[in-house]
Structure formats: structure tokens, C-alpha cells
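What's counted below: heavy atoms across the whole structure, side chains too, no hydrogens, waters or symmetry copies.
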Amino acid sequence: MPSMQPYSAQPLIRQRPVDPATVETRTQAGIHPILARVFAGRNVRCVDDVDTGLDGLIAPMQMLHIQEAAQALADAIQTQQKLLIVADYDADGATACAVAVRGLRRFGARVDFIVPDRFVFGYGLTPALVDHAVDLHRDDPPGWIITVDNGISSIEGVARARALGLNVLVTDHHLPGKSLPQTLIVNPNQPGCPFPSKHLAGVGVMFYVLLALRAHLRDVLHWPAEKIPRLDDLLPIVALGTVADVVRLDTNNRRLVAQGLQRLRRGSAIAGLNALFQVANLSARDATVRDLGFAIGPRLNAAGRIADMRVGILCLLEDDPENAFELATALDTFNRERQEIESDARDAAIARAQTKLAEQSDAAGSGPSANTPATLGIVLHDPEWHQGVIGLIAGRLKERFYRPTIVFADDQDGERIKGSCRSIPGVHIRDVLERIDTCNPGLLMAFGGHAMAAGLTLAANDLKRFTEAFEATLKEFTDPADLQQILESDGPLQAEHMRLDIARLIAEQTWGQGFPPPIFVNEFEVLALRRLKEKHLRLTLRLRGSQTREMPRFEAIWFNAQSEPGACQRLAYRLGINDWQGRTAVQLEIVGLA
């Protein structure tokens, strides 16, 4: 019988290579030596790469069809045609909708919005959603439908809208399929688009459309300066959607996020965003990327996951602080409900995946292919799981087991199941789905997404067939080495640099997907250790490796620790800050055993 050892996916910690001459050059340019070393490890070529000024944004006119979109919107505004925004039901879609509505109204447009119920209409501009929108606006029909954060795969929905006499502008950032909707499209990832940053979120694309519209009204239609509105106060919303959608923070996206954070910190954010910080017990004046990603984004997302994202959009559109606080409080309540729903399903999913991988690992370990992983992907389904949280569960499983993961829940009719995919670097999940679709015509009823996340719909009785096809296709797309998680570190910190001012300097930078915050590795004595809520570790550490008689002690936290360090241990950590009861101190956030 197999030994059923628990499956483990411990990351391999590897130090980033750094050119000392590059570090010296950055230091001489005025960058702190610690940041100079960290930036060099992230291939920052020059100071401009970490500059966050708006002047460095890529010009909107480099995006394919954006000038045509600006002209079409200007014409619609001048003729007072109604514009109907069709949003997605996640944080990126909600922020893109809020930016579109706020921005277009400033130009004098007549604007309304609709967001599909994910459990009724599914994702994107479907024919059914078009019919529903037309019915809702029968007394004042729109001249244009504008999609935000969706639409690139809505071929049938666009065709239905145009058949009903509606113009359609698609603004999206997702990867296109083999065919495109026959309409006006602004998407940096569509074929032939020369825009150099392919990582804009949906909200970023919509913000760029507004920038192009502003330039068209100023330079082509020669609107007087007093009629041209500012748009920079929308940047906090752009920052939230960009971070929450976990797109790569390339140089252009870092500018957008950094500028949004700057405005948050100086108190110039909208009432709804300030209220979300308030219900999260955070200070907008000390806002960080982490706050947006782990506190504000989830509260906004919760509306689309278990309730109605219209509440989230209305919160971002609200200017009255009292009304905004009521809406933010509702979102906070949704998030608590979401956490409860997710918790039970997550624990069950982890247990099932743990058993499955342990069984397969034991079986492979006794055979001739012991060095090859027994399974490359994880596919789970449970009719009791809530459709609104399967993406979160897939993300948790991917983080825990470092495998491309798909989690399915039943659709309302019981005959179909909907899946949410999360992948790892090196495995482009949308390409995997496209290959499955090509080799198995009709198996996938619908799919879409990008490299790290995607969604799909199947007939319920096709799950076994799909699971086999998924595993077989992963063998084409996955090098077994991809399944070894690599945690890249920035080397050791000297004791004199483990200070609060250095921690604050690091916290002030714009870190995120593709530009991760620094991870350092040092050897510590573990002086004290205790479990929190049976899953986290609170530690007291003392740095080793110095001749100093009295080395400083540090408090540390290790979230979701799957193991415990020894008495003397090399630990990988982030240099963080702990504010507690009026006391501010350095806190190490442990991320792994080195």
C-alpha cells in the first residue's frame, strides 16, 4: 500500500544575480544602496525605469483604433446619444466602469451602465445580455454600447447588438481568440496593436480611451481650455483595478499605480474609495499596493462574487461621504460572507488535492519515472461549491501545491459546470485551453482569459473527458522543472540595515506582479515561537553571523506556515512594519525556509 505521505511543494530559494557595477551606478545616481541592489536584481536599466511621473506614460495614440474610438465618442457626446457601459463583475470591471462613467460625464455625455449577473448571464456581452439591456432602456435606447474589461470574445453578443442597430465599442485587455468581433476595438493585445505595454488592466485601457478623447476634443475640435476636464483624480480608481486584477506591473503600470497611490495619500480620492479604506480600518493617507490588493480589492470583488457588483460600482460613483460609507459597509458585509463561504470550500478542496497528489506521488515514487511528477495539474469539482468563490479556491490551491489548477462549480441549470483556472509561470493557461478546444471540438462550451487566469464552461458529463485532455495537454506545455517553485531572494541584509527607515523606504515603492517586493535571507536564532489560529506562526528572532555581542531581536510573522523552523535557521523574509497600539516597529514577514 502507498505510504500516503503529505504532498509538499516547498519553494526553492535562489538569490537573484546582481552586477556590482550596476548597483554602484544606481547608487551614484542618488538611489539608496539597498534599493539600488534590489532594482538591479529586477533588471532596472536606468533611473527612468523607476520614475513614476505622469510625463513618462506611453502616449495613447500608440494604441490601435484609439483615435477612431475618441472621434466616435466625441460625435456621440455632441449629438447627445446615450452611452451604455457594459461592465464585468470583478474589481477590474467595476473600476473600469466607474472610470468610464465618471470620465464621460465630465465631457457632457449621457451615460448609464449595466453589469451582468454572473449567475444568469455569465461573462461578457452575450446576446441575452444585449436583449436584456435593450429591454431595460426601451424608453431611452442607447446609441452606443461600450464594453469595459470584456468584449474581445463576445462575437455573438456584438453581432446581436449591431443587428438591433446599436454601435459597439469594445475596450478590453484579455487575449483575443481566433476571430474578433466585427466592431470598433481598443485592446493592446489585439493583432496589429503597436502599444508597447501589453499588461494594461481593463481599467487602464478605459483610462487611455478617456485620455485620447480629451486630446481629440482639445486638439481636433478645439474645445476651450475651461471646458476640458481633468482626469488625473481618476487615477486612484485606476490603481485599485490594476492591482486587484494582478496584471504585471511593468513600467507603465507602475506609473499609473504610483500616481493613484500619491493621490490617495494626499486625500484627493473619491468618497467611495475613502469609505472602503474606512471600513477596512486602514488609512488612505498611508495607502500601499498591499492595501489595494489584499483589503480594498477583495471587498469590491465580494459584491460580484456573491451578490451584485452594481453595489460596488455605485460605491465608486458616490460623492456623498455618508452614502458612500453605507455602500462600503454593504461591501464589507459581502466580503465577510464571502470569507465564510470560501473557508469551508477551501479547506475541503485542499484536503482533496492533498490526498490526490500524495497518492500519485507515492505511486510515481516506486516506479521507473520517479523523477517525473505524477500529475501536472489539479482539477476539482463539487456541486456544493459556490460559483462566486471558485477562482479564489483555485488560486489558493495553485499557491499551496504550485500546479495549474481548475476548480469547477455547478451552473444554475445543473447540466453545465463553470470552471476557474489559475496557473503558474511558464504555463500559459489560455493557450492550454485553446489547444484543448482545437483538439476536442465541442468539448469547451466557452472559454477565455489570459496567461495566469482563465474561465471555461463544460457540459457536466464531460468533466472526466476534460480532465484527461487537460492533463495530456499540460504534458505538451509544461516542463517538469516548471513545477518547482522558485522564490528569488535579494540576498542577506546587514544588521545595520534592518531598520524602520529602510522598511519605510521599501514600503514606499510600487511593488506588484512582475516587480515583486524584495525578499532577503539571513540566518537567525529562533528564540520563541507560537501558533496563531492554528495556522500562522508568531516568532521572536535574533540575527546570527555577526561579531556584535548584543544582536537585536526581531518580531516576525509567518502566515499559513506549513512547517516550523529549527532553533537555528536560514529564513527568507520581507522587511515589514508593524503598527500596534501606537507603537511602530520593524516586523519580519517570513515567506519560507532557506
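Between the Arg299 side chain and the Arg336 main chain, no donor and acceptor come within less than 3.5 Å of each other. The backbone N or O of Ile519 lies less than 3.5 Å from no partner atom in the side chain of Arg574, so there is not a single donor-acceptor pair. For the pair Arg255 (side chain) and Asp51 (backbone), a donor-acceptor distance under 3.5 Å is present. No side-chain donor-acceptor contact under 3.5 Å links Asp308 to the backbone of Val311. Side-chain N or O atoms of Asp88 include none that pairs as donor or acceptor with a backbone N or O of Val148 at under 3.5 Å. The main-chain N or O of Leu493 is found under 3.5 Å from a side-chain atom of Asn522 such that the two form a donor-acceptor pair. One N or O on the side chain of Thr95 and one on the backbone of Ala91 form a donor-acceptor pair closer than 3.5 Å. Using a distance-only test at 3.5 Å, with no hydrogens or angles considered, a donor-acceptor pair links the side chain of Lys198 to the main chain of Pro188.
In this structure the side chain of Asp149 never reaches within 4.5 angstrom of the side chain of Val203, judged on heavy atoms. Asp286 is not listed as a side-chain neighbour of Arg265, based on a closest heavy-atom distance of 4.5 Å or more.
Ring geometry, His497 versus His32: the interplanar angle exceeds 60°, so the pair is classed perpendicular (tilted spans 30 to 60°).
When each of His174, Arg430, His428 is tested with His450 by the rule side-chain contact (heavy atoms from CB on, under 4.5 Å), just one qualifies, namely His174. For the side-chain hydrogen bond (donor to acceptor under 3.5 Å, both in side chains) test with Thr540, the passing option among Arg553, Glu555, Glu525 is Glu555; the others fail.
For the residue pair Asp579 and Thr584, a side-chain donor N or O sits within less than 3.5 Å of a side-chain acceptor on the partner. Ser197 and Asp250 are linked by a side-chain donor-acceptor pair at a separation below 3.5 angstrom, with hydrogens and angles left out of the test. Between Gln259 and Arg263, the side chains place a donor N or O and an acceptor N or O closer than 3.5 Å (distance only, hydrogens not considered). In this structure, a donor-acceptor pair under 3.5 Å is present between the side chains of Arg400 and Gln562. Side-chain atoms of Tyr208 and Asn252 include a donor-acceptor pair closer than 3.5 Å.
Between Glu523 and Arg570, none of the side-chain N atoms (NZ, or NE/NH1/NH2) sits under 4.0 Å from a carboxylate O, so this pair counts as no salt bridge. Ion pairing between a basic and an acidic side chain is recognised when a charged N comes within 4.0 Å of a carboxylate O; Asp319 and Arg102 show such pairing.
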* Output, in order, the C-alpha distance, side-chain angles, deciding distance and verdict of salt bridge (charged side-chain N to carboxylate O under 4.0 Å, His left out) for Asp490 and Arg42. => CA-CA 10 Å; Asp490 296 279; Arg42 284 152 184 76; 2.8 Å; yes

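For Tyr573 and Phe524, the gap between ring centers is short of 6.0 Å.
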